[in-house]
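Following: one structure in structure tokens, then a few remarks.
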Amino acid sequence: VSTQSTWQAVVSTQSTWEAVVSTQSTWEAVVSTQSTWEAVVSTQSTWGNYMTKFLSDDWMMDNGFLARGKCVKPTAQQAAWAGKTVADITSEATTIAPSTTVKEAMDIIKGKGVAQLAVVEEGKIKGVVTQANLMKKLLSTTSPISGASLASDAMIKKCIQTVKAGTTLGEISTLFETRDFALVVDDGGALTGFATRTDFLAFTLA
């Protein structure tokens, strides 16, 4: 008798219990994916690092999701050189064919005193050979290069930054904070020169 109110509460929640029973398949699905949920939880820190990387301004600018003009620092905006353009720092682009060997490419780099070469085929930019990437490929544990390797096997192909001659130095300053060079191209995408961090600093610090 003393527990009558308790039993009445249980009976009154019959609809709730029926709802739980009716969703048995859902609960079974949750239980069956226990390992998946544990995997998600265990990789929380990994996902956090991943998102931080891909939400950085540098990554967004490099991949065209954020205009560089919106990220120019106040110091650069106020500098005397801010309104100058890439045309003021463009140097001649030294080009090679994809069939050029690594040794030949290195001889050109050393002979001309440049740090990178544009790989061009039939007027189209295929990639860029840099000293840094040659070093990385030379020490590769999976497919190391040799002097006889082709430049096309040792070039950078992805995320190569291009700019126009009319781009302001204020805008391109955001690029040189993290990168050594950019390819200068015309409206048709044809290569017209290189803009390098070295050229930028030599001009702005003169």
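Residue pairs meeting the ring pair (Phe, Tyr, Trp, His ring centres under 6.0 Å) criterion with at least one member in residues 104-131, sequence neighbours excluded, do not occur. For residues 189-203, the side chain to side chain donor-acceptor pair (under 3.5 Å) pairs, not counting sequence neighbours, are Ser91-Asp199, Asp180-Arg197, Thr196-Asp199. Counting only residues at least two apart or on different chains, no side chain to side chain donor-acceptor pair (under 3.5 Å) pair has a member in residues 148-157. Within the structure, no pair that satisfies the ring pair (Phe, Tyr, Trp, His ring centres under 6.0 Å) test touches residues 131-152, not counting sequence neighbours. Applying the salt bridge (charged side-chain N to carboxylate O under 4.0 Å, His left out) rule to pairs touching residues 117-141 yields nothing, sequence neighbours excluded. Within the structure, salt bridge (charged side-chain N to carboxylate O under 4.0 Å, His left out) pairs that include any residue of residues 79-88 do not occur (at least two apart or interchain).
Residues Ile89 and Ala195 come closest through the heavy atom pair CD1-CB, 4.2 Å. The nearest pair of heavy atoms linking Pro144 to Thr142 is CD-C, 3.7 Å. Taking every heavy atom of both residues into account, Ala105 and Thr100 meet most closely at N-CG2, 3.9 Å. Contact record, Gly193 with Thr90: CA-CG2, 3.8 Å, taken as the closest heavy-atom pair.
For the side-chain hydrogen bond (donor to acceptor under 3.5 Å, both in side chains) test, no residue two or more places apart in sequence or in another chain qualifies with Thr204. Listed by chain and number, the residues in a ring pair (Phe, Tyr, Trp, His ring centres under 6.0 Å) with Phe176 are Phe200 (sequence neighbours excluded). The ring pair (Phe, Tyr, Trp, His ring centres under 6.0 Å) test applied to Phe65 returns Trp59, not counting sequence neighbours. Remark: Asp107 engages Lys103 in a side-chain hydrogen bond (donor to acceptor under 3.5 Å, both in side chains) (not counting sequence neighbours). Residues forming a side-chain hydrogen bond (donor to acceptor under 3.5 Å, both in side chains) with Ser143 (at least two apart in sequence, or on another chain): none.
Met61 and Ile172 are assigned to two separate hydrophobic clusters, defined by single-linkage of ILVMFWY side chains at heavy-atom distances under 4.5 Å. Put simply, Leu138 and Leu117 are part of the same group of oily side chains (I, L, V, M, F, W, Y) that touch within less than 4.5 Å, one to the next. The cluster map of Ile, Leu, Val, Met, Phe, Trp and Tyr, joined by side-chain heavy atoms under 4.5 Å apart, puts Ile145 and Val119 in the same cluster.
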Derivation and outcome, side chain to side chain contact (heavy atoms under 4.5 Å, CB included), residues Lys164 and Asp187: CA-CA 8 Å; Lys164 301 290 182 63; Asp187 291 337; 3.4 Å; yes
Show the numbers, then the answer: is there a salt bridge (charged side-chain N to carboxylate O under 4.0 Å, His left out) between Arg179 and Asp62? CA-CA 10 Å; Arg179 293 182 174 273; Asp62 285 351; 3.1 Å; yes
Please report the C-alpha distance between Thr85 and Thr167 in whole Å, then the side-chain angles of each, then the deciding distance to 0.1 Å, and finally whether the side chain to side chain contact (heavy atoms under 4.5 Å, CB included) criterion is met. CA-CA 5 Å; Thr85 67; Thr167 303; over 6 Å; no
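Note that CZ of Arg68 and OG1 of Thr168 are 11.5 Å apart. Values are rounded to the nearest 0.5 Å. Between the CD1 atom in Ile109 and the CG atom in Leu134 there is a gap of 5.5 Å [rounded to 0.5 Å]. Here the OG atom belonging to Ser99 is positioned 7.0 Å from the CG atom belonging to Leu150, to the nearest 0.5 angstrom. Atoms CG and CD, from Asp57 and Glu177 in turn, are 10.0 Å apart once rounded to the nearest 0.5 Å. Residue Cys71 holds its SG atom at 12.0 Å from CG of Leu175, rounded to the nearest 0.5 Å.
In this structure, Gln78 contributes its side chain and Ala76 its backbone to no donor-acceptor pair below 3.5 Å. Of the possible polar contacts, one joining the Glu104 side chain to the Thr101 backbone as a donor-acceptor pair under 3.5 Å is found. The backbone N or O of Val72 lies less than 3.5 Å from a partner atom in the side chain of Gln77, making a donor-acceptor pair.
In this structure, the side chains of Val102 and Ser146 stay at 4.5 Å or more apart for every pair of heavy atoms. Counting heavy atoms from C-beta on, the side chains of Glu171 and Val163 never come closer than 4.5 Å.
Leu183 forms part of a hydrophobic cluster together with Val120, Ile125, Val128, Ile156, Ile160, Phe181, Val185, Leu191, Phe194, judged by ILVMFWY side-chain heavy-atom separations under 4.5 Å.
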